[in-house]
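Worksheet: the structure to be examined is printed underneath.
In what follows, every heavy atom counts, from backbone to side chain, and hydrogens, waters and symmetry copies are set aside. In this text, all values refer to a predicted model and were calculated from it rather than measured experimentally.
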Amino acid sequence: MARTYDNASAGASGLSGEGLAAPAVVYEDEWLLAVDKPAGIIVHGDGTGAASLTDLARAHLEREGRAEAASQLQAVQRLDRDTTGLVLFSLDKAVQPKLDALVASHDGIEKRYLAIVRGELPEGLREIDAPLARDRHDARRMRVDAHGKSSLTLVRRLAVAGARGKRVSLVELTLRTGRKHQIRVHLSSRGYPIVGDPLYGVPADRGGRVPLMLHAARETLVHPATGERLVLAGEWPERFSNLGFASREIE
């Protein structure tokens with residue numbers, strides 16, 4: 001039996017951020033902390049002094065009087081700065097290796113993303129199996145490369161909106177491997193870039209005026225300490241509604 005946790009079941013508590021949307025706590029116990037990351041914040045510190053999600057999570061634990069958990073806090077997943085959604089933290093070094101193994105192997109853990117892409121993605125496109133490697137001409141980018149690492153993304157079209165010639169598609173994606181920018185590169189390589197993607201999108205998206213329409217929506221995992229099956233879910237991203245999609249599309 002699985003238990004489902006979301007922002008409401010966590011009591012709508014959040015981490016305090018300076019000048020940032022407060023990330024909501026989705027799940028918290030002795031060993032784990034799951035947070036719904038907003039756009040515009042990095043998960044780990046980058047040496048510039050900018051606040052990170054890890055900093056906010058540590059401060060949250062310290063305010064709760066959980067100094068030991070704060071000292072052992074470790075993010076076990078990473079999202080790009082402008083990708084929103086679930087990020088899982090370990091609070092106990094004893095369970096860290098098991099969590100790392102789950103994330104690396106995708107055995108016992110499944111993370112589902114939602115994206116809005118440009119164009120009418122075919123219903124028959126169910127997976128993208130294409131190896132990825134670093135782009136030799138741009139260190140920020142990845143690319144499909146026959147000599148790269150194997151990469152597999154499962155794809156499911158949920159809905160289509162927009163006038164003819166300006167169609168956009170709501171897509172659910174499940175990672176079977178965890179390469180850098182995997183979802184963004186895979187979709188772009190098939191001609192369906194994510195709306196608002198400044199690296200792999202159309203020229204209109206490269207100025208950063210449109211938010212990145214990529215959201216880590218749902219995560220299912222076997223708890224590394226208790227063995228319980230957890231289903232974690234974040235809030236429906238409001239920016240998706242602005243493009244004509246609603247949360248009912250995923251039910």
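In this structure, the side chain to side chain donor-acceptor pair (under 3.5 Å) partners of R112, at least two apart in sequence or on a different chain, are E110. Under the rule for a side chain to side chain donor-acceptor pair (under 3.5 Å), Y113 has no partner lying at least two apart in sequence or in another chain. Not counting sequence neighbours, the partners of Q77 by the side chain to side chain donor-acceptor pair (under 3.5 Å) test are K111, E219. With sequence neighbours left out, D135 forms a salt bridge (charged side-chain N to carboxylate O under 4.0 Å, His left out) with R141.
Scanning both residues, P131 and A146, for their nearest heavy atoms gives CG-CA, 3.9 Å. Nearest heavy-atom pair, S241 versus W236, reported as atom, atom and distance to 0.1 Å: OG-NE1, 3.0 Å.
One hydrophobic cluster, built from ILVMFWY side chains closer than 4.5 Å, holds both V144 and M142.
Around CD of E123, the count of heavy atoms belonging to other residues, nucleotides or ligands within 6.0 Å does not exceed 12. Dense packing is recorded around NZ of K180, with more than 12 heavy atoms of other residues, nucleotides or ligands lying under 6.0 Å away. Residue R66 qualifies as enclosed at atom CZ: its count of foreign heavy atoms under 6.0 Å is above 12. At most 12 non-hydrogen atoms from other residues, nucleotides or ligands lie less than 6.0 angstrom from CZ of R78.
Expressed to the nearest 0.5 Å, how far OG1 of T54 lies from CD1 of I42 amounts to 8.5 Å.
A donor-acceptor pair under 3.5 Å is absent between the side-chain atoms of D80 and the main chain of D82, judged by distance alone. Under a 3.5 Å cut-off, the side chain of K98 and the backbone N or O of H223 do not form any donor-acceptor pair.
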Exercise for the section: Assess whether side chain to side chain contact (heavy atoms under 4.5 Å, CB included) is satisfied between I128 and L152, documenting all intermediate values. Expected result: CA-CA 6 Å; I128 303 175; L152 176 62; over 6 Å; no
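Screening residues 83-94 for side-chain hydrogen bond (donor to acceptor under 3.5 Å, both in side chains) gives T84-H215, T84-R239, S90-Q96 as the qualifying pairs, with residues at least two apart or on separate chains. Residue pairs that meet the salt bridge (Lys or Arg N to Asp or Glu O under 4.0 Å) test with at least one member in residues 202-212, sequence neighbours left out, are R118-D205.
A side chain to side chain contact (heavy atoms under 4.5 Å, CB included) with M213 holds for exactly one of L243, V168, V117, L170; it is L243.
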